[in-house]
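Following: one structure in structure tokens, then a few remarks.
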Amino acid sequence: MNVGLQHYLIVSGLLFSLGLLGVVVRRNLLVIFMGLELMLNAANLSLVAFSRYNANLDGQVMVFFIITVAAAEVAVGLALIVALYRKRQTAHVEDLTTLKL
Amino acid sequence: MPQFTDLLFFAFAGMALLFGFLTVANPVSRNPVTSAMFLVLTIISLAGLYLLLHAFFLAAVQVLVYAGAVMVLFLFVIMLLDIKEEERRRLKTFTVGVGSVAVAALLGILTVSALSAKPGSPAGQTRLAIGDTAELGKVLFNHWLLPFEILSVLLLVAMVGVILLSKKDLK
């Protein structure tokens, strides 16, 4: 059995599901953020696989951009979490219900 | 007789999935630091998969930017916040059940669509030098030059925003 595009796509799908599971199930803001990173990485993996199996480098350029945007996103997100922690002394989503009616 | 690269694929994919699982649902420890460490291992396994896909530059960037810069930022914030509460809290069974069902449904959809993908064929070195960093640079700086420059502005915006957000008296 040769490893092909579908193998990579299934690994990517599994990783994405794991990341989503982390976002849905875990209650710590930082771990939720890590789940987001996992989902981004899963999308990157499928893009690189498509790029390889279609002989087109645009997919890799896309992944390059995604990594850069993800770095910016992590910086801003973590700064937001720190600012929130300063105000509320918590990083738990269950304690952050100010907007709840 | 499986090829050596196929064995490498299964090794890296298995490692990525195992460490990914330990990142989000570690049965032993719910400490965010443990999750962060397993996330580093997941990212390094993914870099291995990129190497198998001949994306050498991206593998290097993945290790440098993700496993290096981003994870250092994560660990820095975790240490700064000094989170110990996580260990004590119990997860709600209802939340875990519903979340797992929803994720399993999504996984089913993803698997079906992945299996219906056209197999394609890996590009030989002759057709297009996939993985050649020089090729990637040519594409990036010819066809994608404007998005590249916009991205630098985005990084500047993010940097200014982070400095503003980290100020002591946030108005």
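Each chain gets a letter, A, B and so on, in the order the sequences are listed, and its residues count up from 1.
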Between [options], which residue shows the highest count of heavy-atom pairs closer than 4.5 Å to chain B?
| options | result |
| --- | --- |
| A/I32, A/V23, A/N44 | A/N44 |
| A/L80, A/L45, A/L20, A/I10 | A/L45 |
| A/A75, A/G77, A/S46 | A/A75 |
| A/V25, A/V24, A/L21 | A/L21 |

Which of [options] touches chain A most, by non-hydrogen pairs under 4.5 Å:
| options | answer |
| --- | --- |
| B/T111, B/L115, B/V61 | B/L115 |
| B/V70, B/L110, B/L107 | B/L107 |
| B/T95, B/L73, B/V139 | B/L73 |
| B/G14, B/A25, B/A36 | B/A36 |

Is the shortest side-chain heavy-atom distance between [X] and [Y] below 4.5 Å?
| X | Y | result |
| --- | --- | --- |
| A/L57 | B/E135 | yes |
| B/W144 | A/M62 | no |
| B/F12 | A/V11 | no |
| B/L80 | A/Y85 | no |

[atom1]/[X] to [atom2]/[Y] distance, rounded to the nearest 0.5 angstrom?
| X | Y | atom1 | atom2 | result |
| --- | --- | --- | --- | --- |
| B/T42 | A/E37 | OG1 | CD | 11.5 Å |
| B/F56 | A/Q60 | CZ | CD | 9.5 Å |
| B/L154 | A/T68 | CG | OG1 | 9.0 Å |
| A/L15 | B/L46 | CG | CG | 5.5 Å |
| A/L38 | B/S35 | CG | OG | 10.5 Å |
| A/N28 | B/R30 | CG | CZ | 9.5 Å |

Minimum heavy-atom distance between [X] and [Y], given as atom pair plus value:
| X | Y | value |
| --- | --- | --- |
| A/R86 | B/K167 | NH1-O, 3.4 Å |
| A/M34 | B/I78 | CE-CD1, 3.7 Å |
| B/V162 | A/A79 | CG1-CB, 4.0 Å |
| B/A55 | A/V48 | CB-CG1, 3.8 Å |
| B/V77 | A/V82 | CG1-CG2, 3.8 Å |

**Request:** Please flag which part of A/F50 lies under 4.5 Å from any non-hydrogen atom of chain B: side chain, backbone, both or neither.
**Result:** neither
**Request:** Start with the C-alpha distance between B/Q62 and A/N41, add both sets of side-chain angles, then the distance that settles side chain to side chain donor-acceptor pair (under 3.5 Å), and finish with yes or no.
**Result:** CA-CA 9 Å; B/Q62 173 92 350; A/N41 270 298; 2.9 Å; yes
**Asked** Other than B/V101, which residues form its hydrophobic cluster under the rule that side-chain heavy atoms must be closer than 4.5 Å?
**Response** none
Would you mind checking which part of [X] comes under 4.5 Å of any heavy atom in chain A, side chain (CB onward), backbone (N, CA, C, O), both or neither?
| X | value |
| --- | --- |
| B/I43 | side chain |
| B/L136 | both |
| B/V65 | side chain |
| B/L17 | both |

**Residue pairs involving residues 61-81 of chain B (criterion ring pair (Phe, Tyr, Trp, His ring centres under 6.0 Å); sequence neighbours excluded)** = A/F33-B/F74
**Message:** Between A/R52 and B/H54 (side chain of the first, backbone of the second, donor and acceptor by atom type, cut-off under 3.5 Å), is there such a pair?
**Reply:** no
**Message:** Tell me whether the rings of B/F148 and A/F64 are parallel (<30°), tilted (30 to 60°) or perpendicular (>60°).
**Reply:** parallel
**Prompt:** Only one of A/L84, A/L30, A/L78, A/T90 clears side chain to side chain contact (heavy atoms under 4.5 Å, CB included) with B/L81; which?
**Reply:** A/L30
